[in-house]
S.K.: 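Below is a structure I'd like to ask you about.
Throughout, numbering of the chain's residues begins at 1 and tracks the sequence. These numbers were taken from a predicted model, which means no experiment stands behind them.
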Amino acid sequence: MIEATAQDFAKGVLAKVDSVLSARYYRKGTIDTAYVIRPSTKWTVRARLNVSGANLETKGIDNGSPFRSEMEADKKTTLSVGVTYLGVSLNLALNPAKLMGKYKDYELNLNCYGKRFGFDVAYQEAKNFTGWYEQGSMERITLPDGMLSVKTLNLNAFYVFNNRRFSYPAAFSQSYIQRRSAGSFLLAASGQGQSAKLDGEQAVKLKMTNIGLGAGYGYNFVPGKDWLLHISALPTFIVYSNTSMTMGDDRVPLHYHFPEVIITGRGAVVRQWGNKFIGLSSVYHFTNIGDEDDLAVHNTKWRVRAFFGLRL
């Protein structure tokens, strides 16, 4: 009797949760269903292949002599599987190279693509940068793996004005389906925090915090049945910056030079047929600060994702 009562109670709770999630998931009053619809199924199962990378470039003048360096991190590859039920998702990701001990850095990527609001967060701790440094007429110096250690946090958040007809989730999470072409103006806020240390004959340390505000545009193009092409650009102008760089015991000044920007670009291609979909998406962050007559820093962080899914 007690066991039956517990089972009935559990079924009642699950039914209530299902009812609440279904009401929220299939609510149509806030979207124009001629342009955007929800999938008719409750479950989505997907597999993903993610590849990401980062680049750090500096240019400037030290003691009257121009210098330049460029460092690139090893690319990171992960495999992930995920299950979504009425908009609630659970994902598991694995990095094969890290499991085999070949990749020792740490990286965390979080993203949320809602109907009105969304964001991307990328955090990386890396010591696997390789590159080069040159100054004046001296011969270019190769910088091997392990000399540069970098901690970087990138954040971009956005608001969609035409959220009734334009859907970011259709391109990036497939929780909506874009039926007709539509675009939207976007508001955006971006942030970046970074600390870097280069160990060599002369230690170089860089610390920066940047916050940007701006606006952009996104467009979902539906060239034919079951196809979707997405592109968007969100330039934000830096309204707050706190940056310092030291080379040995000398502090290298970093002066404001218009325009200082954080740019986030996104693109996607999605093909769906029946209850299946396949596609490719990308997110690109670029930061430009400083003046090359003193010191300029260019940061690039990108991620490409291939995916395949089933709606059940």
S.K.: Would V297 and T58 satisfy side chain to side chain contact (heavy atoms under 4.5 Å, CB included), going step by step from the backbone distance to the final call?
M.R.: CA-CA 5 Å; V297 181; T58 61; 4.2 Å; yes

S.K.: When you check the side-chain N and O atoms of N275 and R311, is any donor under 3.5 Å from an acceptor?
M.R.: no

S.K.: In terms of hydrophobic clustering (I, L, V, M, F, W, Y; side-chain heavy atoms under 4.5 Å; direct or indirect links), are L228 and Y176 co-clustered?
M.R.: no

S.K.: If you draw the axis of the six-membered ring of Y159, does the NZ or CZ of R116 fall within 45° of it and under 6.0 Å from the ring centre?
M.R.: no

S.K.: Find the distance between OG1 (T209) and CG (N242) and round it off to the nearest 0.5 Å.
M.R.: 5.5 Å

S.K.: Nearest 0.5 Å, please: how far is CZ in F158 from OG in S190?
M.R.: 11.0 Å

S.K.: Ignoring hydrogens, what is the shortest heavy-atom contact between P39 and Q174? Give both atom names and the distance.
M.R.: CG-O, 4.1 Å

S.K.: Kindly give the heavy-atom pair with the smallest separation between I289 and I238, and that separation in Å.
M.R.: CG2-CD1, 3.2 Å

S.K.: Might you point out which heavy atoms bring G218 and L186 nearest each other, and give the distance in Å?
M.R.: N-CD1, 3.7 Å

S.K.: How close do H230 and A171 get, counting heavy atoms only, and between which atoms?
M.R.: CB-CB, 3.7 Å

S.K.: Report yes if the distance between the aromatic ring centroids of F117 and F119 is under 6.0 Å, otherwise no.
M.R.: no

S.K.: Where does the angle between the aromatic ring planes of Y113 and F172 fall among parallel (under 30°), tilted (30 to 60°) and perpendicular (over 60°)?
M.R.: parallel

S.K.: For E57, enumerate each residue passing the salt bridge (Lys or Arg N to Asp or Glu O under 4.0 Å) test, keeping only those at least two apart in sequence or located in another chain.
M.R.: K59, R68

S.K.: Assess R180 against Y35: is NZ or CZ under 6.0 Å from the centre of the six-membered ring, and within 45 degrees of the ring's axis?
M.R.: yes

S.K.: Testing the basics here: between A54 and K301, what is the closest heavy-atom pair and its distance to 0.1 Å?
M.R.: CB-CD, 3.8 Å

S.K.: Does the ring center of W302 lie less than 6.0 Å from the ring center of Y284?
M.R.: no

S.K.: Quick one: pull up CG in L234 and CD1 in I263 and give me the separation to the nearest 0.5 Å.
M.R.: 10.0 Å

S.K.: Within the structure provided, determine whether D120 and N154 are in side-chain contact (heavy-atom separation under 4.5 Å).
M.R.: no

